[in-house]
Amino acid sequence: MIQYRHFHNTDPPGLLQLWHSCALGPAAAEGFSCDILELFTFSQPFFDRLGLIVATDENRIVGFVHAGFAPLADESGLDRRQGILSGLMVHPAYRRRRIGTELVCRAEDYLRLAGAECVEAGGGLDRNGFYVGIYGGLQPSGWLESAAPWNAFLGSCAYTFSTRTIIMHRNLKTSRDPVSAKLIRHRRQLEMVITDRPSGQPWWWFVRFGHLDSLRFELRPASTGLCVAAGQIIGMDVFIPKWGVRSVGIRGLFVPEGQRLHGYALALVLEMCRRLRDESVQLIEAHVDEQNQGAMKLFRSARFEAAERLVTYRRRLD
Ligand SMILES: CC(C)(COP(=O)(O)OP(=O)(O)OC[C@H]1O[C@@H](n2cnc3c(N)ncnc32)[C@H](O)[C@@H]1OP(=O)(O)O)[C@@H](O)C(=O)NCCC(=O)NCCS
C-alpha cells in the first residue's frame, strides 16, 4: 500500500537511493553523496519540508515530488504566485500506478494553499532554485525531454507544453576554433579581464550558484577600457563521476546595447574556451532557449552543438 507524507529529516539517504535508481538520463549527476544533495537542496534558505512530498511503500521511498516557487522579477526573493515543480520521480518498478499523478496533485495542493496561481513543471531557464549543480548540467532549466514521457504524463495531469531549453556542448579536445579576419582583429585589440567571483549579483544568483566555483570574464578594448562583452563560468564538478571529464558552464553572456553585432560575444566565448582549455577543462556547456535564435547562432558559430533538451510544462491553478 503506497502512502504519502511530507519530508522527514531522515529521508535524504532514501531520496539519494531513489535518485540513483530512476535512470534520470545524462543531465542528472550520479555517484554523489548525501552531503551534496543536502547542500544543493535541503539547506536552501527557502526549502520547506511541506513542499517535498514522498511516496513510500513499507517505509521505502518509491517516489517524490518537490514544489517551490519562481523568483520575483528583480530576483530579490520568491514570487509565491508562481509555483514550480522542481523535482519529480517514481521508481521504475512502481510506474504506471498513478503514483506520479498523486504526487503532482499533492504538490499542486501545497502550492495553491501558499498562493500560487500557476505552476511550471520543470522550473525553466533561471527559475528553479533546487538541484542546481546536480540536475540539468549547468542548471536545471527544465526536465530532460528524453528521460520520461513528459507529454503523455503531464498532459494527463492537464499541463501544456511551455518551454524547451537546448543544452549546447562544445568538446574542447575534438573541436577547433573558427578563424576569421574579424576574430583576429578582436584578439589583437581586446583585453580579457577575469575576476574571481561575479559581483553585484542578486540574491537568486547567490542561493543557486554561491556554492559552485565561478568566474566573471570581460572583454575590453585596450584603447577605451570599457566593457564590450561579459559572461560568467560556473564549475560543474559534481558531474565528473558521471561524464568522466571536467566541465564548465557559460552563462549570463551580455553585450551592452550599443556594442551589439560587432562579434564581441563570439570573441568572448572563444577566449573563454581558450582559457578553459589551458585549465584542462574538456567540455563547455551553455543553456539556450530554443526561441532565442541569436544565442543559438552565436554558440553554433563558437562550435557548440545541441546535446540535450530540457522541457517545462505549465498549468493554471484554479
Ligand atoms: C514521469 C513519471 C514521474 C511518471 O510516473 P508514474 O507514476 O509512472 O505516472 P502515472 O502512473 O501517474 O501516469 C499517469 C498517466 O500518464 C501517462 N503515462 C505515464 N507514463 C507513461 C508512459 N511510459 N508511456 C505513456 N504514457 C504514460 C499515462 O496516461 C498514465 O495513465 P495510464 O497509466 O492510466 O495510461 C515517471 O515516469 C518518472 O519518474 N520518470 C523519470 C522522472 C525524471 O526524469 N525526473 C527528472 C526530474 S527530477
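When reading the values below, keep in mind they use all heavy atoms of this one structure, side chains included, and skip hydrogens, waters and symmetry mates. Counting convention: from 1, in listed order, for ligands and their atoms alike.
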### Distance filter under 4.0 Å to Gly100 heavy atoms, resulting ligand 1 atoms
5 (O), 6 (P), 7 (O), 12 (O)

### Query
Which ligand 1 atoms does Gly87 reach within 4.0 Å, using its non-hydrogen atoms?
48 (S)

### Summary
Per-atom filter on ligand 1: closer than 4.0 angstrom to a heavy atom of Trp143 are 47 (C)

### Task
Among all protein heavy atoms, pick out the one at the shortest distance from atom 34 (O) of ligand 1; state its residue, atom name and that distance to 0.1 Å.
Arg98 NH2, 2.9 Å

### Message
Between Glu30 and Lys242 (salt bridge meaning N to carboxylate O under 4.0 Å), is one present in this structure?
### Response
yes

### Which of the ligand 1 atoms, numbered from 1, are nearer than 4.0 Å to a heavy atom of Leu24
43 (C), 44 (O), 45 (N), 46 (C)

#### Entry: Asp278, CG: over 12 other non-hydrogen atoms inside 6.0 angstrom
yes

### Query
Between Tyr131 and ligand 1, which residue portion shows a heavy-atom distance shorter than 4.0 Å: side chain, backbone, both, or neither?
neither

### Message
Other residues, nucleotides and ligands only: do more than 12 of their heavy atoms fall within 6.0 Å of CD on Glu38?
### Response
yes

### Query
So which protein heavy atom does atom 29 (O) of ligand 1 come closest to, and at what separation?
Ser156 CB, 4.0 Å

### Message
Tell me if the CD atom of Gln17 is crowded by more than 12 foreign heavy atoms within 6.0 Å.
### Response
no

### Cation over ring face, Arg49 and Phe7, 6.0 Å, 45°
no

### Query
Does atom 41 (C) of ligand 1 have a protein non-hydrogen atom under 4.0 Å from it?
yes

### Query
Parallel, tilted or perpendicular: which describes the rings of Phe47 and Phe42, with under 30° parallel and over 60° perpendicular?
perpendicular

### Summary
Per side-chain contact (heavy atoms from CB on, under 4.5 Å), Met192 is matched among Arg187, Glu271, Arg274, Arg220 by Glu271

### Message
Tell me the protein heavy atom at minimum distance from atom 1 (C) of ligand 1, and give that distance in Å.
### Response
Trp150 CZ3, 3.7 Å

### Query
If you round to the nearest 0.5 Å, how far is CG of Leu317 from CG of Leu113?
11.5 Å

### Query
Should the pair Tyr94 and His91 be assigned to parallel (<30°), tilted (30 to 60°) or perpendicular (>60°) ring geometry?
perpendicular

### More than 12 heavy atoms of other groups within 6.0 Å of Asn9 CG
no

### Numbered atoms of ligand 1 (with element) below 4.0 Å of Tyr135, judged on heavy atoms
46 (C), 47 (C)

### Query
Quick one: does ligand 1 sit under 4.0 Å from the side chain of Ala152, the backbone, both or neither, non-hydrogen atoms only?
both

### Residue and atom name of the nearest protein heavy atom (relative to atom 13 (O) of ligand 1), distance in Å to one decimal
Phe153 CD1, 3.6 Å

## Note on the structure
atom 23 (N) of ligand 1 has as its nearest protein heavy atom Pro149 CG, 3.3 Å

### Query
Do the side chains of Arg251 and Phe209 get nearer than 4.5 Å, heavy atoms only?
yes

### Query
Which of the atoms in ligand 1, numbered in the order shown and given with their element, are less than 4.0 Å from a heavy-atom of Arg97?
11 (O)

### Query
Counting heavy atoms only, which of Thr101, Leu88, Val90 comes nearest to atom 10 (P) of ligand 1?
Thr101

### Nitrogen or oxygen atoms of Ser86 and ligand 1 under 3.5 Å apart
no

### Message
I need the nearest protein heavy-atom contact for atom 37 (O) of ligand 1: residue, atom name and distance, please.
### Response
Arg95 CD, 3.4 Å

### Aromatic plane relationship, Phe64 with Tyr131 - under 30° parallel, 30 to 60° tilted, over 60° perpendicular
tilted

### Summary
In ligand 1, the atoms that come under 4.0 Å of a heavy atom of Met89 are 39 (O), 48 (S)

### Message
Tell me whether Arg96 has any N or O atom under 3.5 angstrom from an N or O of ligand 1.
### Response
yes

